[in-house]
Amino acid sequence: MDWTVLGGLAAGLVLATVTAPVGVSGAVFLLPVQLSVFGVPSPAVTPTNLLFNVVAGPGALWRFRRDGALHGDLARRLVLGTLPGVVIGATIRVLALPGPGVFRLLISVLLLPLGVWLCLRALTPARRLPLPAGELPPHTLTGLALAVGVIGGVYGIGGGSLLGPILVGRGLPVARVAPAALAATFATSLVGAAAYALLSLMSSADVAPDWWLGLACGTGGLMGGYLGARLQPRLPERALRLLLGALAAGLGAVYAAQALN
C-alpha cells in the first residue's frame, strides 16, 4: 500500500481522536499536514479537507447520538447559518485566493487566534471570565454561523471548528457544543464538497480533491472520531483544550513565517 494512504489513515485517526471530544473534526490541523507533508496542491487541498470531514464525521456523530448528546436545536441553527456561507467561501477560494502564498497567510490568520483563544480558555478559570454565560440570540447565532461558514468554505474546515470555541466561551458546556459543532461541520462539508465539484468544471486550476488521500484520512478520522467521542467523559477537558490551542498557535506561527518570507 502507498505510504501516502497509510500516512493519511494514521494522521486522520490521531487528529480525530484528539479533537472530536471538543467538537473539532481535526481538519483544521490536517490541512497544514496535507500541504507540507503530502504536497497536495492549492486550491485542491481545500476540497480534500472537506472530503475528510464528510467521511470522518459520521463516526463521532453516531457515538454522540447513541449517548443522547446530539439533541436540541443548537445543531439545526448552526447548520442553517453555515450552509450558505460555505458555498460563498468555496467560490471565494477558487476565484480569488488560488495562490499558495496567500493561502498560507490565511491559514496563519485563522490558526493563531484560534490557538490563543483555546489556550486562554484552558488557563483562565471560568469565574474570572468577563463574558456572560448563555446561548447567543437566534439571529446573532445565525449571522455568526454564516460568517464562520464563509471562512470554513475558504479554509476547508466546515465552520464548526471555529463556532465551537466561541460558543464555549459564552458559557455553554462542551458536552452540548461538541455534537452541534461536528454536525454543522459534517453538513457544510457535504455542501462545500459539492460546490467545489461544480466549480472545478469552470476552473482550470487544481480544484478537484485528492480522492485517495481524502478517503484515507477520512477513514482514519471515522475511527478516531468515534473513539474520541466515546472517551469524551474521561478526558481532562482543560489539558485537552490547552494542547489544541498550543498546536493551533504553533502551526499558525510556522505558516505566518513561511508566508512572509
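Side-chain contact between Leu120 and Val116 is present, with heavy atoms from C-beta onward closer than 4.5 Å. Residues Leu227 and Arg63 fail the side-chain proximity criterion, which asks for heavy atoms closer than 4.5 Å. With contacts defined as side-chain heavy-atom distances shorter than 4.5 Å, the pair Thr142/Leu80 does not qualify. Within the 4.5 Å cutoff, no side-chain heavy atoms of Arg230 are placed close to those of Phe64. Side-chain contact between Val177 and Val22: absent, with no pair of heavy atoms (C-beta onward) separated by less than 4.5 Å. No side-chain heavy atom of Leu83 sits less than 4.5 Å from a side-chain heavy atom of Val87. At least one side-chain heavy atom of Leu30 sits under 4.5 Å from a side-chain heavy atom of Cys217. Looking only at side-chain heavy atoms (C-beta outward), Leu167 and Leu78 come within less than 4.5 Å of each other.
The shortest heavy-atom contact between Val5 and Ala216 is O-CB, 3.5 Å. Between Ala229 and Ala60 the shortest heavy-atom distance is CB-O, 3.9 Å. Smallest separation of non-hydrogen atoms from Ala184 and Thr188: O-OG1, 2.6 Å. For the pair Ala246 and Cys119, the tightest heavy-atom approach, listed with the atom from each and the gap, is N-SG, 3.5 Å. The two atoms that bring Leu51 and Leu215 nearest to each other are CD2-N, 4.0 Å, heavy atoms only. Nearest heavy atoms, Gly23 versus Ala181: O-CB, 3.6 Å.
Rounding to the nearest 0.5 Å gives a distance of 6.5 Å between CG of Leu15 and CZ of Phe52. Note that CG of Leu144 is 11.5 Å distant from NE2 of His139, once rounded to the nearest 0.5 Å. Here the OG1 atom belonging to Thr185 is positioned 9.0 Å from the CG atom belonging to Leu61, to the nearest 0.5 angstrom. In this structure, Asn49 CG and Gln34 CD are separated by 5.0 Å, a value rounded to the nearest 0.5 Å.
Hydrophobic clustering, with ILVMFWY side chains joined whenever heavy atoms are under 4.5 angstrom apart, keeps Leu222 apart from Trp212. When hydrophobic clusters are built by joining Ile, Leu, Val, Met, Phe, Trp and Tyr residues whose side-chain heavy atoms come closer than 4.5 Å, directly or via intermediates, Leu182 is not grouped with Val55. By the criterion of side-chain heavy atoms lying less than 4.5 angstrom apart, applied directly or through intervening Ile, Leu, Val, Met, Phe, Trp or Tyr residues, Leu9 is not grouped with Leu213; the two fall into different hydrophobic clusters. Using a 4.5 Å cut-off between side-chain heavy atoms of Ile, Leu, Val, Met, Phe, Trp and Tyr, with links allowed through other members, Leu231 and Val18 fall into the same hydrophobic cluster. A continuous path of ILVMFWY side-chain contacts below 4.5 Å connects Ile88 to Val148, so both sit in one hydrophobic cluster.
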Check step by step if side-chain contact (heavy atoms from CB on, under 4.5 Å) holds for Val86 and Val150. CA-CA 5 Å; Val86 75; Val150 173; over 6 Å; no
Is there a side-chain hydrogen bond (donor to acceptor under 3.5 Å, both in side chains) between Ser25 and Asn53? Walk through the geometry before answering. CA-CA 7 Å; Ser25 69; Asn53 283 337; 2.7 Å; yes
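In summary, the aromatic rings of Phe38 and Trp3 are positioned with their centroids under 6.0 Å apart.
At least one donor-acceptor pair under 3.5 Å links the side chain of Thr48 to the backbone N or O of Asp210. In this structure a side-chain-to-backbone donor-acceptor pair under 3.5 Å is missing from Thr82 to Gly149.
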